[in-house]
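Each chain gets a letter, A, B and so on, in the order its sequence line appears, and its residues count up from 1.
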Amino acid sequence: MIEVRNLSKSFGTVEVLQDINATFAKGKVNQIIGKSGSGKSVLAKCIVGLYVPTKGQVFYDGRSFHEMAKEEKRQLRQEIGMLFQSSALFDSLTVMENVMFPLKMFATKSEREMRDRALFCLKRVKIEGKGNKYPAEISGGMQKRVGIARAIAMNPKYLFVDEPNSGLDPQTSIVIDELIQEITVEYDTTTIVITHDMNSVMGIADEIFFIHNKKLWWQGTRPELLNSGNKELNDFIFAGSLMREVQKAMKSG
Amino acid sequence: MALLFHIGRYFMLMAEVFSKPERLSIYWKRTLEEMDLLGIKSLGIVSLLSLFMGAVITIQTKTNIDSPLIPQYVVGFTVRQSTILEFSPTIISLILAGKVGSTIAAEIGSMRVREQIDALDIMGVNSAGYLILPKIIATALINPFLIIISMFLSIFGGWLAGTLTGIISSADYIAGIQYDFDPYIITYALIKTVVFAVIIATVSAYQGYYTIGGTREVGISSTKAVVYSDVVILIMNYLLTQLLLL
Ligand SMILES: Nc1ncnc2c1ncn2[C@@H]1O[C@H](COP(=O)(O)OP(=O)(O)OP(=O)(O)O)[C@@H](O)[C@H]1O
Ligand SMILES: [Mg+2]
């Protein structure tokens with residue numbers, strides 16, 4: 001479980017997030033949605049400590065990140081897996097080496113066990129044939145999958161996924177979504193997914209957090225999402241024609 | 001104000017760089033890779049420049065001091081002294097700042113803007129140490145070799161130019177480069193070289209590490225890396241010359 005308390009973040013004089021309070025439950029897919037530039041990635045980076053919040057605190061299972069010593073923070077980070085919006089694979093390493101990287105840095109395993117683990121993770125994202133390729137040699141969608149494989153290599157307790165679906169075809173997108181859901185349930189991770197893909201939200205979200213106008217504007221479950229009566233939220237989720245059709249169908253019973 | 005900010009942040013970054021590494025074996029492997037990339041791959045340009053540098057010093061010296069009162073061996077002597085004291089350690093380091101410094105800043109800068117440094121941090125890896133320390137050690141170890149090679153080639157280039165054009169006899173030149181030799185100047189040159197190597201690696205890494213933005217900013221960081229490395233090298237050159245030779 002991750003709790004965010006009174007979190008605000010400004011860059012210089014520009015405020016991006018204001019007084020965010022949220023609880024992300026364990027074993028659940030928590031999805032953060034919001035317009036491009038609304039501060040979703042910044043929120044995720046504040047939670048994992050890549051950005052220092054201007055105000056507020058973050059608690060990992062009751063442990064305040066803010067108050068941890070440097071060494072404790074490093075320890076905690078080995079429990080965090082994160083897929084970045086840009087995938088952030090290391091260009092000079094092969095796909096296999098990328099997935100093995102965190103294991104090599106921290107795990108006390110033999111080379112063979114690490115290779116097996118990496119292969120297992122690559123299989124989970126259905127990309128095991130590409131182990132010897134370099135990131136530049138595979139497609140953007142494949143890079144995302146490798147990024148997920150790397151994020152789960154260390155069996156994280158907390159999984160952050162920033163836009164896993166952008167740049168993916170609908171079918172692959174569903175495969176990735178299901179994978180994220182499976183991992184969450186199977187390993188009981190606290191999963192936070194950032195997305196603006198409504199398919200993904202309707203597919204796997206357990207709890208939805210809508211960021212708008214610097215604030216946590218709305219929070220609720222999938223069934224609640226469609227009948228929130230919240231204008232800004234509706235403007236966001238019904239912007240696409242597919243969702244408009246869904247809404248029409250619901251209204252007509 | 002901005003200068004103080006950068007100096008402060010530079011030293012804080014260095015404190016990170018030199019804090020305890022995760023896996024020494026991984027660092028060592030990275031250092032060897034960097035020695036190849038930053039050192040061995042600079043050998044060509046360093047050799048070429050050094051040969052021509054020595055050649056030009058010889059011709060310049062000869063044409064400028066052509067007087068019956070000055071003995072012929074002075075040409076070789078001048079080439080040796082100026083090569084070892086300044087041209088090889090300083091000029092070649094400035095050239096390396098251009099080549100190696102821009103490479104370092106571009107590499108680290110693009111890792112920053114493409115969230116790869118975030119990825120390292122999030123894994124709990126000391127990103128500053130992992131990325132920067134191998135580069136510092138690699139340049140500090142390899143640049144002295146480059147500079148020694150440069151010294152030989154520069155003096156050889158002088159001989160080549162002098163004898164081929166016939167402005168000085170081989171015997172006079174060789175007498176000159178042996179005249180009144182104090183080995184301390186080599187020590188002095190190598191101390192400078194190592195200091196300059198550390199400046200190139202750290203100043204450039206600093207520029208790359210704190211890049212904000214996209215590919216355009218990576219280019220800007222890369223340019224800044226070269227300019228600031230050069231400025232700091234020139235200042236340190238002055239200070240070290242005063243400190244070590246006066
Ligand atoms: N390091 C930074 N320095 C200054 N401003 C920043 C920084 N990072 C993000 N911002 C600003 O914060 C705002 C929110 O950015 P963020 O990347 O969180 O958006 P997002 O919701 O993830 O958008 P997208 O869906 O396009 O990824 C943007 O206006 C951005 O310009
Ligand atoms: Mg984002």
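Counting heavy-atom neighbours within 6.0 Å of Lys35(A) NZ, excluding the residue itself, gives a total of 12 or less. Residue-environment remark: CZ (Phe24(A)) exceeds the threshold of 12 foreign heavy atoms within 6.0 Å. Environment of CG in Asn132(A): sparse, with no more than 12 heavy atoms of neighbouring residues, nucleotides or ligands closer than 6.0 Å. Atom OH of Tyr184(B) is surrounded by more than 12 heavy atoms from other residues, nucleotides or ligands within 6.0 Å. The environment of OH in Tyr187(A) is crowded: more than 12 heavy-atom neighbours from other residues, nucleotides or ligands sit within 6.0 Å. A 6.0 Å sphere centred on CD1 of Ile212(B) holds no more than 12 heavy atoms belonging to other residues, nucleotides or ligands. Heavy atoms of other residues, nucleotides or ligands lying less than 6.0 angstrom from OH of Tyr10(B) number more than 12.
With a 4.5 angstrom heavy-atom cutoff, Phe101(A) touches chain B only via side-chain atoms. Heavy-atom distances place no part of Leu83(A) under 4.5 Å from chain B, backbone and side chain included. Of the two parts of Leu50(A), only the side chain, counted from C-beta on, holds a non-hydrogen atom closer than 4.5 Å to a non-hydrogen atom of chain B. For Gln85(A), the parts lying near chain B are the backbone and the side chain together; criterion is any non-hydrogen pair under 4.5 Å. With a threshold of 4.5 angstrom between heavy atoms, Ile122(B) approaches chain A through its backbone and through its side chain.
Under the ring pair (Phe, Tyr, Trp, His ring centres under 6.0 Å) criterion, Phe11(A) pairs with Tyr51(A), not counting sequence neighbours. A search for side chain to side chain donor-acceptor pair (under 3.5 Å) contacts involving Lys40(A) returns nothing, not counting sequence neighbours.
Per-residue counts of heavy-atom pairs under 4.5 Å with chain A were compared for Glu33(B), Glu16(B), Glu107(B); the largest is that of Glu16(B).
When all heavy atoms are compared, the tightest approach of Leu89(A) to Gln116(B) is O-NE2, 2.9 Å.
One distance of note links CD1 of Ile26(B) with CE of Met105(A); it measures 4.5 Å at 0.5 Å rounding. The structure places CG of Asp118(B) at 11.0 Å from CG of Asp162(A), a figure rounded to the nearest 0.5 Å. Atom OG of Ser19(B) sits about 5.0 Å away from atom NZ of Lys70(A), to the nearest 0.5 Å.
Put simply, the side chain of Val125(B) does not reach to within 4.5 Å of the side chain of Arg74(A), judged on heavy atoms. At least one side-chain heavy atom of Glu115(B) sits less than 4.5 Å from a side-chain heavy atom of Lys45(A). Inter-residue side-chain proximity for Phe84(A) and Arg114(B) is flagged as unmet; no heavy-atom pair is nearer than 4.5 Å.
When each of Arg77(A), Arg150(A), Met82(A), Met154(A) is tested with Met123(B) by the rule side chain to side chain contact (heavy atoms under 4.5 Å, CB included), just one qualifies, namely Arg150(A).
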